[in-house]
Amino acid sequence: MEVSRRDFLKATAAAAAFAAAGGAVLKPKLAEAAEGGIKWGKAPCRFCGTGCGVLVGVKDGKVVATKGDPAAPVNKGLNCIKGYFLAKILYGKDRLTKPLIRKGNKMVEASWDEAMTLIAGKFKESIEKHGPDSVAIYGSGQWTVFEGYAASKLFKGGIGTNNIEPNARLCMASAVTGFMTTFASDEPMGVYDDLDLGDTYFLWGANMAECHPVLFSRMIDNRLKNPKVKIIDFGTRRTRTSQMADTYIRFNPQTDLALLNAIAHVIVKEKLYDEKFIQSHVVFKKGKTNIGYGLEDKFKFVDEPKPMTFDEYKDFLKTYTPEYASKLSGVPTATIVEMARLYADKNRKVNSLWTMGFNQHTRGTWVNNLVYNVHLLTGKICRPGENPMSLTGQPSACGTAREVGTFTHRLPADMVVTDPEHRAKAEKIWGIPAGKIPAKPTYNATEMFRALDRGDIKVIWTQVTNPFQSLPNLNRYRKGARKGDGRFVIVSDMYPTKSTEVADVILPSASWVEKEGVFGNAERRTQQWFKMVDPPGEAKNDLWQTIELAKRLGHGNLFPYKYVEKEMWEEYRKFGEGQGKDMAPYEAYAKARGLRWPVVNGKETLYRYAEGHDPYVKKGEGIKFYKNKKDGGKAVIWARPYEPAPEVPDKSYPFWLCTGRVLEHWHTGTMTGRVPELKRAYPAAVCEMHPDDAKKLGIKNLQKVKVSSRRGTIILPVDLNGRGKAEKGNIFVAFFDENKLINELCIDAYCPISGEPDYKKCAVKVEKA
Amino acid sequence: MPVSGIVVRCLDGCADAVSARIAAIDGVEVHGVSPDGQIVAVIEADTVQGEVDLVSHLHDVEDVVTVRLAYHNFEDI
Amino acid sequence: MDSESTHTGISRRRFLKDGILVPLALAVAGGGISTLFLRRADARGFYLRPPGALEERRFLAACIKCGKCAQACPYTAITMAGGEAGVGIGTPHIIAREFPCRLCPDIPCAKACPSGALDRKLEDVEKIRMGTAVIVDRENCLSLRGLRCEVCYRQCPLIDKAITIEPRHNPRTGVHSIMEPVIHADKCVGCGICENACVRDKPVIVVIKSPPVQKDYYEF
């Protein structure tokens with residue numbers, strides 16, 4: 001059922017009038033839209049990057065129900081358990097409803113005017129005294145497109161600083177740099193349809209069963225229908241995904257680099273590659289090696305790509321014999337060879353799927369490159385049912401963080417601030433003076449909070465994210481925020497969080513269907529929804545908050561819109577037009593259950609770079625990586641070596657620590673933790689450990705243990721037989737629990753190319769508590 | 001474009017006739033009549049002024065006693 | 001949910017007061033809604049007893065209602081039945097929806113039993129048989145409706161043994177699978193963690209009295 005914003009308003013108006021007439025309702029015209037007094041509207045789910053469609057039921061100004069949207073192609077009416085309880089995330093008892101200002105040790109209620117005056121004053125003062133790079137905004141892959149776009153426009157185009165980052169830096173950045181270095185354009189070529197159409201699925205560091213639940217059930221259904229389907233799970237922890245996979249291949253942390261090179265080695269050695277495809281569509285390159293880990297403040301890295309020949313690449317691969325990779329990874333030689341042959345099997349439609357195991361990796365960009373290498377060598381790419389697919393974690397990591405480009409170095413539609421032409425284009429669309437956008441990127445997310453700790457950044461505003469629970473090496477950054485000396489932290493959120501704890505001003509935010517928005521999911525699907533209910537109390541849309549700051553800083557002219565969302569969309573759309581990143585007019589999204597870009601002449605694109613699917617590929621070209629102009633429309637196979645992790649287990653800290661998510665909770669648990677049913681289902685974090693390791697330490701199941709790294713310590717019960725089974729020498733702790741801040745233990749080392757920290761590997765010790 | 005919900009009271013026994021009359025006016029949609037003869041309608045206009053004019057116009061319709069505003073929304077849609 | 005030894009420091013006398021007198025008072029006062037709600041078990045004529053309990057009639061005869069098992073339980077899962085339990089007044093039981101048995105590896109409750117009502121020699125938690133979990137309301141089970149819930153399965157302490165997932169095609173969407181949690185009575189210990197974790201208002205999976213083992217004349 002399509003319900004436009006106007007119909008929605010009319011129904012609301014009629015309902016209010018009926019109520020005023022004494023509540024007696026006779027033959028209401030919009031009865032079909034108001035079953036049981038509930039009015040339904042469409043929206044994407046608030047949680048993960050899958051982007052399920054839901055119908056939202058509104059009654060008396062409250063969201064009273066949600067249900068899977070049968071018309072949504074992603075989920076066809078299904079949801080996971082988080083999605084089932086969506087309505088409840090808005091109504092936790094402790095919703096923030098008034099701005100709060102720190103006075104001494106107390107947070108005191110204030111009016112919006114008071115709060116915004118204070119904030120604007122702090123921004124002005126800091127910019128005057130210390131320059132524009134002393135103020136920053138830290139946003140989110142859960143920002144709507146509008147919120148991200150407004151923040152980027154204000155900070156880059158108004159204030160004149162590149163101090164803008166999304167939390168997606170902690171989650172997707174390596175996928176971005178992987179795409180950019182290999183294809184010169186962000187985001188996947190394939191779509192979720194590949195889950196139905198393929199027959200061979202390699203999962204790398206992805207616990208799809210819990211983290212992309214609806215997509216997982218789709219892949220499993222494919223296997224139920226087609227006995228040929230094989231699911232192979234490469235991982236360092238035995239998960240629910242491993243349990244249902246046909247093959248689980250355990251490898252030592254960090255050795256995915258060696259494994260993928262060994263797979264390429266076998267493919268090259270046994271001549272299983274697609275010679276013709278390589279000749280027409282691939283160039284070879286190598287970059288710098290020994291590139292560091294970003295552990296020191298102000299770490300900088302610039303790669304120097306050098307071309308190489310196929311033969312030189314073959315030489316590079318010589319090191320990576322299955323025997324060598326086997327020694328490093330612990331995977332039997334025969335298995336590596338078998339997997340390489342499976343990847344190359346001409347009778348198989350092969351897909352690779354990955355998530356944080358690849359991305360949260362100090363060589364995250366490299367390992368993304370390496371999986372593309374295998375697909376490019378075998379030519380299994382850009383075809384229905386055969387694609388490498390990077391799954392995203394957040395509902396708009398793609399739509400906002402990546403497409404709008406809310407990173408320090410980026411501009412919308414794959415553009416970067418370092419390119420003068422790109423800056424000029426942005427300045428023109430934004431109607432700002434030439435030269436306004438600074439040419440130099442400033443800080444990635446980790447560096448941004450290091451700068452706050454050092455005092456280089458004085459004023460920081462966080463929206464729709466909870467960095468003071470989610471950053472690695474958390475202790476340093478939590479302390480840094482409260483060091484005083486002019487530091488001023490503004491946190492916009494819907495609930496009190498670990499971040500509001502360190503804030504100087506807390507702004508109450510509208511969430512999800514309390515505002516109008518657009519999200520973009522992992523398969524390039526852009527989904528829109530209308531505002532359906534008012535936020536509680538004085539809570540306000542983050543978009544309004546950003547524009548309000550702009551006005552008070554004298555940048556109100558950047559936002560001259562009447563219908564803000566629609567006009568902003570039409571302006572934003574100009575960036576991608578004709579660039580292979582085309583978006584449809586706003587109305588199209590109001591109607592559709594999402595459209596996959598590029599949308600050209602009203603038609604969405606399923607397979608990028610493929611003739612017959614992608615309107616940018618001319619007839620007769622077959623496959624064309626047209627975004628990579630400097631390499632003649634070819635994709636790049638990168639020679640990327642294996643390099644060890646920065647911190648490996650030793651005598652004092654003998655275990656690997658891996659962190660991650662569980663199905664019941666979303667990220668830092670600020671929303672799902674307020675749904676009693678989900679809280680009951682999974683109340684607190686546990687430490688997964690191998691029974692043999694526990695036995696050695698004399699630890700029994702459920703006993704409390706003290707887990708410590710060089711950076712922090714937490715105490716929590718051990719789980720020897722849970723949903724995730726730690727391998728020997730490894731432990732796993734989920735990060736949703738605000739009472740068990742596991743990220744205090746994580747190392748703030750990051751991939752030098754993507755700037756994404758590694759939450760999957762650091763050294764810890766475990767003792768009886 | 002403003003959208004408003006209104007409740008129209010009219011002389012006893014005239015509800016159906018008044019419904020028909022006001023339904024014929026551009027920008028007015030009648031949604032129902034309550035058992036005690038109040039008419040529920042939604043009005044739309046291009047501008048707030050246009051809406052005010054429309055409401056005053058409704059006051060002038062034969063047998064209408066009062067027009068009450070129950071819900072008002074003005075935003076660009 | 002931090003269960004840090006809420007029991008330590010409570011004197012035995014205090015415990016007896018809280019453990020028996022309060023429910024008794026409640027029962028005398030007419031029960032109260034919470035009592036009714038929490039003791040759904042009564043309706044089935046079944047009490048979830050602590051691990052290692054004898055068969056119900058023998059258990060009632062043997063139990064001296066000393067409360068030592070309840071004191072030994074680190075999760076406050078074992079409570080003493082109130083007046084509504086009739087002849088069982090003062091006997092230990094577990095209300096899984098409130099606090100299920102967490103299956104402590106050393107089974108301290110059974111070890112604490114002085115009367116033999118609980119089997120002190122019980123060593124292996126997988127041998128415990130308090131009851132058997134059953135999905136009693138298939139229509140309201142979210143997993144069976146095709147949603148990705150399966151909370152009972154993932155929280156089961158005997159995951160992949162007592163509960164497994166059997167995927168089957170979901171004809172409603174045509175491209176997804178229904179992940180059905182299947183309980184294996186021969187492995188289920190009846191701890192009630194699934195009943196506790198179920199996300200529905202009224203749990204669709206509950207622990208019932210284990211069905212008697214039947215002699216089987218057919219094998220394959």
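Note that these values count all heavy atoms, side chains included, but never hydrogens, waters or copies made by symmetry. So that the names make sense, note that chain A is the first sequence line, chain B the second, and so on, each numbered from 1. As the structure is a prediction and not an experimental result, all values here were calculated from the model.
By the 4.5 Å heavy-atom criterion applied to side chains, C:Met130 and C:Lys209 are not counted as neighbours. Between A:Asp737 and A:Leu716 the shortest side-chain heavy-atom distance does not fall below 4.5 Å. In this structure, the side chains of A:Leu353 and A:Met219 come closer than 4.5 Å at one or more pairs of heavy atoms. Side chains of A:Cys48 and A:Cys211 form no contact here, defined as non-hydrogen atoms less than 4.5 Å apart.
For C:Cys152, no part sits under 4.5 Å from any heavy atom of chain A, backbone or side chain. Both the backbone and the side chain of A:Tyr682 come within contact range of chain C, with heavy atoms under 4.5 Å apart. For C:Pro157, the part lying near chain A is the backbone, with the side chain staying farther off; criterion is any non-hydrogen pair under 4.5 Å. Of the two parts of A:Gln703, neither the backbone nor the side chain holds a non-hydrogen atom closer than 4.5 Å to a non-hydrogen atom of chain C. Both the backbone and the side chain of A:Leu702 come within contact range of chain C, with heavy atoms under 4.5 Å apart. The contact between C:Leu147 and chain A is made by backbone and side chain atoms together, counting heavy-atom distances below 4.5 Å. C:Ile178 does not touch chain A: none of its heavy atoms, backbone or side chain, sits under 4.5 Å away. Looking at A:Asn79, the atoms closer than 4.5 Å to chain C (heavy atoms on both sides) sit in the backbone and in the side chain alike. Heavy-atom distances place no part of C:Ile193 under 4.5 Å from chain A, backbone and side chain included. Only the side chain of A:Met244 comes within contact range of chain C, with heavy atoms under 4.5 Å apart. For chain A, the nearby parts of C:Asn196 are the backbone and the side chain; heavy atoms of each come within less than 4.5 Å.
For chain A, the option among C:Leu158, C:Val175, C:Thr173 with the highest count of heavy-atom pairs below 4.5 Å is C:Val175. Interface remark: of the candidates A:Leu720, A:Asp196, A:Leu663, A:Leu663 forms the most heavy-atom pairs closer than 4.5 Å to chain C. For the set A:Arg680, A:Lys76, A:Lys700, A:Lys225, the count of heavy-atom pairs under 4.5 angstrom toward chain C peaks at A:Arg680. Note: C:Val151 leads C:Val125, C:Asn170, C:Val151 in heavy-atom pairs under 4.5 Å with chain A.
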Review point. C:Thr91 and C:Arg49: side chain to side chain donor-acceptor pair (under 3.5 Å), yes or no, with the steps?
Key: CA-CA 9 Å; C:Thr91 54; C:Arg49 299 294 183 191; 2.9 Å; yes
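If you check the side chains of C:His169 and A:Asp221, you find a donor sitting under 3.5 Å from an acceptor. Side-chain atoms of C:Tyr153 and C:Asp160 form a donor-acceptor pair, as typed in the model, at a separation below 3.5 Å.
Separating the OG1 atom in A:Thr668 from the CZ atom in A:Phe735 is a distance of 7.0 Å, to the nearest 0.5 Å.
Using modelled atom types, one side-chain atom of A:Thr672 and one backbone atom of A:Trp666 make a donor-acceptor pair closer than 3.5 Å. Distance alone, capped at 3.5 Å, is enough to place a donor-acceptor pair between the C:Arg129 side chain and the C:Asp186 backbone.
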